[in-house]
Amino acid sequence: MRPDEPRGVATWLLEHLVPGPRNDALAGDLLEDFRCGRSKTWYWRQVLVAIVLGVSRESRIHLGLMFFAASWAMLAPAWLRLLANSEQHFNLTERFDRMDWPWSIVSDVGFLLAANVLFIWTGMALYLIPHLWAARNLRVQPLGGGIRASLPVLVALWATLVLLPKYFLGQPVDWPAANPVVTYPVNEPGPIVRTGNSGQAAHRGSISPIKRYMAEHPPPTEAALIRKHEDWVAAQRPTTIVQTSSPSAAITDMRTAAILVRLPFFLIVLSALWGAASRFESRNHRIVD
Amino acid sequence: MTERSYLGEFELMILLAVIQLGEEAYGVPISRELEKHRGRDVSVGSVYAALERLESKGLVSSSLGDPTPERGGKAKRYFRVTKAGLRQVHETRRVLSKLWGELPELKGERI
């Protein structure tokens, strides 16, 4: 054994990032060659090339799988919108809040987790069942393998992306379609009337026709302006909410927040299906032990 | 094989190396054999990638040896050329020889 043996990061990367059942033999080959006098740089280069080749090969093989995961993740904002609507409809948040601790948190988290697990597993079943059926291998075992593969990633991502900001950083989870962007027309009646660059009320001159006009038409008070503005906002609200709370509108939502919401769903579905496909392939692979 | 597909340059080299090495054909000697004849460094990962392609085409088969301490407890993976692989090598050789044989010698330079 050499004193500068590459036991660290490079070997770990090789064993964990090179997909497929052969990375053990490859790791052994690299170590054998290294012990015959190769440099550490050579070892690192070999590891990186093996990772790039392995990942690109697997990506080509699982192109359909990646496309499906991306398509399913596109539906995630619509699913979350649907959840938010049903939470609102059945007044679930208030019901959970009325429960004693820790049941309030358990129910809240449990509801969201169960709903999202249902969404992810439905997607996986939609992909796996036809494929296993076509391969004449529709059994519970590979299906269960895929579902099990989704759990650790699901819990880790959920904890990082949802629970952490919600309960520990004190920030509400801002689902994309939940906060509609309201655009005001240019001629929106504002609550405060300002003139001039300084924002001060303009000095009204002593010209008599203007004075008379002002006396006949006194300017509305600030309270009246605020009321008018609130009436106007209230008039806008129904149409805005109808547009953005619709789950179908959330499917085509391509704002950054919507894309960020899709990302964990994409990663979970992809890793779970990838894991299931790899297990299925390795079982079918002809390796004579 | 139902369809005829010709071997790529690297795949052909690997098949020839596997044939030449016989019982001792695994990652390290195959890479060294290629390095010796090509005169440049060969990535073991690319050798494995090509061997996997060949195996999926049914041109080579593989078997695992026993784990050894000098390899960090990892087993060697031995490769063998199948009958279909041998046929493919002969076919590629026949086509290449024919093409080389029909190539005219260019004026002023030897090919």
Side-chain angles (χ1 to χ4, degrees), chain A residues 1-2 4-8 10-62 277-278 281-282 284-289, chain B residues 1 8 10-11 14 17-18 21 23-36 38-85:
Chain A
M1 189 184 288
R2 281 170 57 171
D4 57 342
E5 196 111 299
R7 281 274 175 211
T11 308
W12 188 90
L13 290 174
L14 182 69
E15 287 172 354
H16 291 85
L17 292 186
V18 177
R22 290 124 193 146
N23 51 7
D24 251 21
L26 175 60
D29 282 350
L30 291 185
L31 194 61
E32 184 185 328
D33 225 0
F34 176 78
R35 286 177 177 176
C36 289
R38 301 278 197 177
S39 68
K40 258 189 166 177
T41 316
W42 173 88
Y43 188 86
W44 263 102
R45 201 171 58 240
Q46 295 287 329
V47 167
L48 293 177
V49 169
I51 291 169
V52 170
L53 286 172
V55 171
S56 64
R57 178 182 172 273
E58 288 288 311
S59 304
R60 277 198 306 277
I61 291 171
H62 298 307
S278 300
E281 279 164 16
S282 65
N284 288 356
H285 204 266
R286 292 166 298 168
I287 294 181
V288 185
D289 291 321
Chain B
M1 284 191 11
F10 195 59
E11 289 175 338
I14 285 179
V18 171
L21 289 164
E23 297 289 308
E24 279 302 308
Y26 67 96
V28 176
I30 296 172
S31 308
R32 287 198 185 142
E33 196 66 20
L34 291 174
E35 276 177 4
K36 192 171 80 182
R38 292 177 83 194
R40 57 183 159 132
D41 204 9
V42 172
S43 138
V44 185
S46 63
V47 169
Y48 268 89
L51 282 165
E52 282 170 18
R53 279 199 305 276
L54 292 170
E55 192 168 25
S56 67
K57 291 179 189 171
L59 304 181
V60 296
S61 63
S62 67
S63 59
L64 289 178
D66 293 323
T68 51
E70 62 269 20
R71 291 169 53 87
K74 315 277 187 193
K76 288 175 185 171
R77 187 153 175 242
Y78 292 102
F79 292 90
R80 257 194 318 272
V81 177
T82 61
K83 280 182 182 172

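Just so it is clear: chains get the letters A, B, ... in the order the sequence lines come, proteins before strands, and each one is counted from 1.
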Discussion item. Given heavy-atom pairs under 4.5 angstrom as the criterion, report whether the side chain, backbone, both or neither of B:D66 touches chain A.
Written reply: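 Neither part.
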Worksheet item: B:R53 versus chain A, heavy atoms under 4.5 Å apart: side chain, backbone, both or neither?
Response: neither
Discussion item. Between B:E70 (side chain only) and A:E32 (backbone N and O only), is there a donor and an acceptor less than 3.5 Å apart?
Written reply: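 Answer holds: no.
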Worksheet entry | Donor-acceptor pair, side chain of B:R71 and main chain of A:L31, under 3.5 angstrom | no
Item to complete: Working to the nearest 0.5 Å, report the span between CG of A:L53 and CD of B:E52.
Response: 10.0 Å
Discussion item. Let me confirm one number: the CG-OH distance from A:L26 to B:Y26, rounded to the nearest 0.5 Å.
Written reply: 13.5 Å
Could you report the tightest heavy-atom contact between [X] and [Y], atom names first, then the distance?
X     : Y     : value
B:D41 : A:R45 : OD2-NH2, 2.7 Å
A:Q46 : B:V42 : NE2-O, 3.6 Å
B:S43 : A:V49 : OG-CG1, 3.1 Å

Worksheet item: Going by heavy atoms in the side chains, are A:D29 and B:R77 under 4.5 Å from each other?
Response: no
